[in-house]
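A short worksheet on the structure shown next.
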Amino acid sequence: PHALIVGARKAGTSALRDFLALHPDIKAPKSEPGWFFNDGLYTQGLGYYRTRLPSIKKNQISIEKSAEYFHCPQVPERVRSFNSSMK
């Protein structure tokens, strides 16, 4: 994804994702992939993660969200390894 939505549980991250996804050039998965915090999923690799994200066209961006990203200490380093310029 081009951006992650990170926030505490019950802080409106799902609502934010849903509102942003109303824009035709923003795509977001309906369910939380949870790839950056879940060790079992993370070890399956980037190819697995990409299958969990929506397809996008050249002019679109993808976003992803998980409240769990806020609570897991390994997430910032994993995100930076994946894409150091991710928003």
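Keep in mind it's a predicted model, so treat the numbers as computed, not measured. We count residues from 1, following the sequence as given.
- Between L53 and P33, the closest side-chain pair of non-hydrogen atoms falls below 4.5 Å.
- To the nearest 0.5 angstrom, E64 atom CD is 6.5 Å from F36 atom CZ.
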Just do the side chain to side chain contact (heavy atoms under 4.5 Å, CB included) check on I61 and I56 with the steps written out, would you?
CA-CA 7 Å; I61 65 167; I56 59 170; 5.9 Å; no
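- For K58 and D25, the salt-bridge test fails: no basic side-chain N is under 4.0 Å from an acidic carboxylate O.
- Here the closest heavy-atom approach between residue K27 and residue P54 is recorded as CB-CG, 3.7 Å.
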Apply salt bridge (charged side-chain N to carboxylate O under 4.0 Å, His left out) to D39 and R78, showing your working.
CA-CA 11 Å; D39 292 337; R78 288 179 176 181; 2.7 Å; yes
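- A distance below 6.0 Å separates the ring centres of F82 and Y49.
- In the hydrophobic clustering of this structure, L46 does not group with I63; members are Ile, Leu, Val, Met, Phe, Trp, Tyr whose side-chain heavy atoms approach within less than 4.5 Å, directly or through other members.
- Here the CZ atom belonging to F37 is positioned 9.0 Å from the CD atom belonging to Q74, to the nearest 0.5 angstrom.
- For R9 and F70, the positive end is not near the middle of the six-membered ring at less than 6.0 Å and at most 45° from its axis.
- For the pair S81 (side chain) and E77 (backbone), a donor-acceptor distance under 3.5 Å is present.
- Between V79 and P76 there is no side-chain heavy-atom pair separated by less than 4.5 Å.
- Looking at Q60, its side chain does come within 3.5 Å of a backbone N or O of K57 through a donor-acceptor pair.
- Taking CG of L4 as the reference point, atom CZ of R17 lies at 13.0 Å (rounded to 0.5 Å).
- With rounding to the nearest 0.5 Å, the separation of CG in L20 from NZ in K65 is 12.0 Å.
- The hydrophobic cluster containing F19 does not contain I26, counting ILVMFWY residues as joined when their side-chain heavy atoms lie under 4.5 angstrom apart, directly or transitively.
- H2 contributes a side-chain N or O that, together with a main-chain N or O of S62, makes up a donor-acceptor pair within less than 3.5 Å.
- Residues M86 and Y42 share a hydrophobic cluster, clusters being chains of Ile/Leu/Val/Met/Phe/Trp/Tyr side chains in contact below 4.5 Å.
- Residues V6 and W35 fall within the same hydrophobic cluster, defined by Ile, Leu, Val, Met, Phe, Trp and Tyr side chains chained together at heavy-atom separations under 4.5 Å.
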Tell me, with the steps shown, if E32 and Y69 meet side chain to side chain donor-acceptor pair (under 3.5 Å).
CA-CA 11 Å; E32 297 181 11; Y69 292 163; over 6 Å; no
